[in-house]
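The chain is numbered in sequence order, starting from 1.
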Amino acid sequence: MTFQEQITQGIPSVLPQPKPYDTRRNAEPAEQTNINHAPKRKEILSEEEKKLALRNALRYFEPKHHAELIPEFKEELEKYGRIYMYRLRPDYRMYARPISEYPGKSEQAKAIMLMIQNNLDYAVAQHPHELITYGGNGAVFSNWAQYLLTMKYLSEMTDEQTLVMYSGHPMGLFPSHKDAPRVVVTNGMMIPNYSRPDDWEKFNALGVTQYGQMTAGSYMYIGPQGIVHGTTITVLNGFRKIKKNPTGNLFVTSGLGGMSGAQPKAGTIAGCVTVCAEVNPKITKIRHEQGWIHEVIENINELVIRVRKALENKEVVSIAYLGNVVDVWEKFDTENIHIDLGSDQTSLHNPWAGGYYPTGFTFEESNEMMANNPDQFKIEVQKTLRQHAAAINKHTSKGTYFFDYGNAFLLEASRAGADVMAENPTLGREFKYPSYVQDIMGPMCFDYGFGPFRWVCASGNPEDLAKTDKIACDVLEEMMKNSPSEIQQQMADNIQWIKGAQENKLVVGSQARILYADAEGRTKIAEAFNQAIARGEIGYVVLGRDHHDVSGTDSPYRETSNIYDGSRFTSDMAFQNVIGDSFRGATWVSIHNGGGVGWGEVVNGGFGMVLDGSKDASRRLESMLFWDVNNGISRRSWARNEGAVFAIKRAMETQPLLKVTIPNLVDDALLNE
């Protein structure tokens, strides 16, 4: 069968043969390495619940197949803690093909198929055989039947239908209209009292919900590039905050996974020495082969020698330490190596299932303990968190600037009893160290409307990407001529970024790009793309953004951590965002429970928009992109954030139909009386 025939077939009526666990069928020769599999999930279902999980999985198959599939699915559930339906994994290579190669009646639907396959590309996905894109549990689907059925529906869809996705399950195609979203995605939207970590383990094992992370389950992940830019801006502004030049100074962190793997690349672009620890040999090897890290060192004493040399020579170099980051913090303390910037980006939103590893054990020993002795694993993780925090505290007492990178490090460390709490905690400052959003990205970017705007060239042609880079750069340079002083630095940083994007070789998977832009910048860049498409200069473009943005996410310990009026524990903004995007012209929208800081700790929403060169596309992009940013600015303004008050007043000057309530400030002296 051709690729197109396999897509339109959906779940085959004749079952394919079972597939070996650890092979890559029909992959490119360069990819013939062992797959990076998800760890075994904890056993949490009762015997009756295991039967229910099997019933749920078998719903996708005709009764004639049930007798054959029951023992196979039962074995998967016992071995891996989930039913992935490995035998249904397609034989074709998984990657974002040019949009013209997808079957279908709707160009918008074809673009969504392209984005789904990009999320599952072996070069992009963290655990591709388990349909997990990043973060240890950020899933596009829960099983391969869902993937096959979704792709079939998309191949049949017209522009008068909407596909409804319930946590990876394609509920079906429903009549709608051409201005409605083609796909509406929800992931993990639990009743509030059922949003604890073990609830996810249970209901995910039952096959009735999933963790979409942020851009995994919304089909908008573009590989590590997506976070490289935000991390570069964070590192640059972190050094600005401590009034140091990155050159000749040291940034220490950990994690080389789907999102955290961007850190060493960002450090290199910023111009510092970066040490990033990682316990997983496979992902370390992948990042080294991709060029995201320069060197890998396994011996802690060799690391000390190498870092001293790099600092002395003011090298711009990224070094991966294959081992536990706690050892790095402790060793650098005893060796008096000064760390200028420190952070952590291990997946502590998922601490008991592979997101964070205890010190004193090998990677294999930890995985065995995680699966077979989860209670002891939790004890060891919490012990390591206390040790980790104690080592950081020693460095910060000597002048290190440490920030939480939104991975729930401080939250989980506090739950473990580590010394991370502020002396005088408040609703806004519980921890002794800030979130990077509180002190860096929030006041410097989000409050002014600057966030991670993305686009993907649906042709798959690198020449189209180069043309869009130039278009975006030209737009920003023209805008900067008249932009106010308050946002000149943000404009300059992004112009510098886009000019260096090609040489930094940031593309992994689809021909995609990201830069930080405000509503005006996003709208003008998008319209310039649409006009170029209309002239036949480039192919279709898919617009999107990271959920980690001005408006998309309510996350009290990350995206909205610099909201100090008490509303950071509410999620009105994220829901309003996705509802508003839906009727203002988005091609698809998504809303998720859970993300980079954990299940039950965040609500986040995203969108995708297909530009086809039409007047309809111009109308939609202007309407939707304006709302998508200014929704968040208005909320930040109401929280009395100074930069956001400036930004929303400026937006009202440019758009007479916008009327936002501005907060009145109270004299502190009156309150203190």
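- Using modelled atom types, one finds no donor on one side chain facing an acceptor on the other under 3.5 Å when comparing Ser614 with Asp616.
- At a cut-off of 3.5 Å, with distance as the only test, a side-chain donor of Asn562 or Arg636 sits close to an acceptor on the other residue.
- At least one donor-acceptor pair under 3.5 Å links the side chain of Asn187 to the backbone N or O of Gly217.
- Using modelled atom types and a 3.5 Å distance limit, the side chains of Gln161 and Ser176 yield no donor-acceptor pair.
- No side-chain N or O of Asn204 forms a donor-acceptor pair with one of Thr209 less than 3.5 Å apart.
- Taking the six-membered ring for Trp and the full ring otherwise, the centers of His127 and Tyr84 sit at least 6.0 Å from each other.
- Counted by atom type alone, His592 and Gln213 present zero donor-acceptor pairs between their side chains at under 3.5 Å.
- Summarising the local packing, CD of Gln9 is surrounded by more than 12 heavy atoms from other residues, nucleotides or ligands at distances under 6.0 Å.
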Inset, instruction - Determine, stepwise, if the pair Thr654 / Glu520 fulfils side chain to side chain contact (heavy atoms under 4.5 Å, CB included). - result: CA-CA 10 Å; Thr654 63; Glu520 181 185 9; over 6 Å; no

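- Side chain of Ser551 to backbone of Val629: a donor-acceptor contact under 3.5 angstrom is found.
- If you check the side chains of Asn604 and Ser555, you find no donor sitting under 3.5 Å from an acceptor.
- Smallest separation of non-hydrogen atoms from Asp493 and Ile233: CB-CD1, 3.8 Å.
- With hydrogens and angles disregarded, no donor-acceptor distance shorter than 3.5 Å links the side chain of Asp546 to the backbone of Gly230.
- Side chains of Thr231 and Tyr405: a donor-acceptor N/O pair is present below 3.5 angstrom, by distance only.
- Heavy-atom contacts from other residues, nucleotides or ligands closer than 6.0 Å to CD of Glu537 number more than 12.
- For Arg568 and Tyr557, the positive end sits near the middle of the six-membered ring, less than 6.0 Å away and at most 45° from its axis.
- No donor-acceptor distance shorter than 3.5 angstrom exists from the side chain of Gln290 to the backbone of Trp292, with no hydrogens or angles considered.
- In this structure, Arg97 satisfies the cation-pi test against Phe3, with its NZ or CZ atom closer than 6.0 Å to the six-membered ring centre and inside 45 degrees of the ring normal.
- Side-chain atoms of Gln511 and Asp464 form no donor-acceptor pair, as typed in the model, at a separation below 3.5 Å.
- Between Val124 and Tyr134 the shortest side-chain heavy-atom distance does not fall below 4.5 Å.
- Side-chain contact annotation: His548 with Thr553, donor-acceptor N/O pair under 3.5 Å absent.
- In this structure, CH2 on Trp588 lies 8.5 Å from CD1 on Ile116, to the nearest 0.5 angstrom.
- Checked by atom type, the side-chain pair Arg513/Gln225 shows a donor-acceptor distance below 3.5 Å.
- Of the N and O atoms on the side chains of Ser106 and Asp159, at least one donor lies less than 3.5 Å from an acceptor on the other residue.
- For the 3.5 Å distance criterion, the side chains of Gln126 and Thr133 fail to qualify, holding no donor opposite an acceptor.
- The backbone N or O of Gly643 sits nowhere less than 3.5 Å from a side-chain atom of Glu486 that would complete a donor-acceptor pair.
- The closest side-chain donor-acceptor pair between Tyr102 and Glu107, if any, does not fall under 3.5 angstrom.
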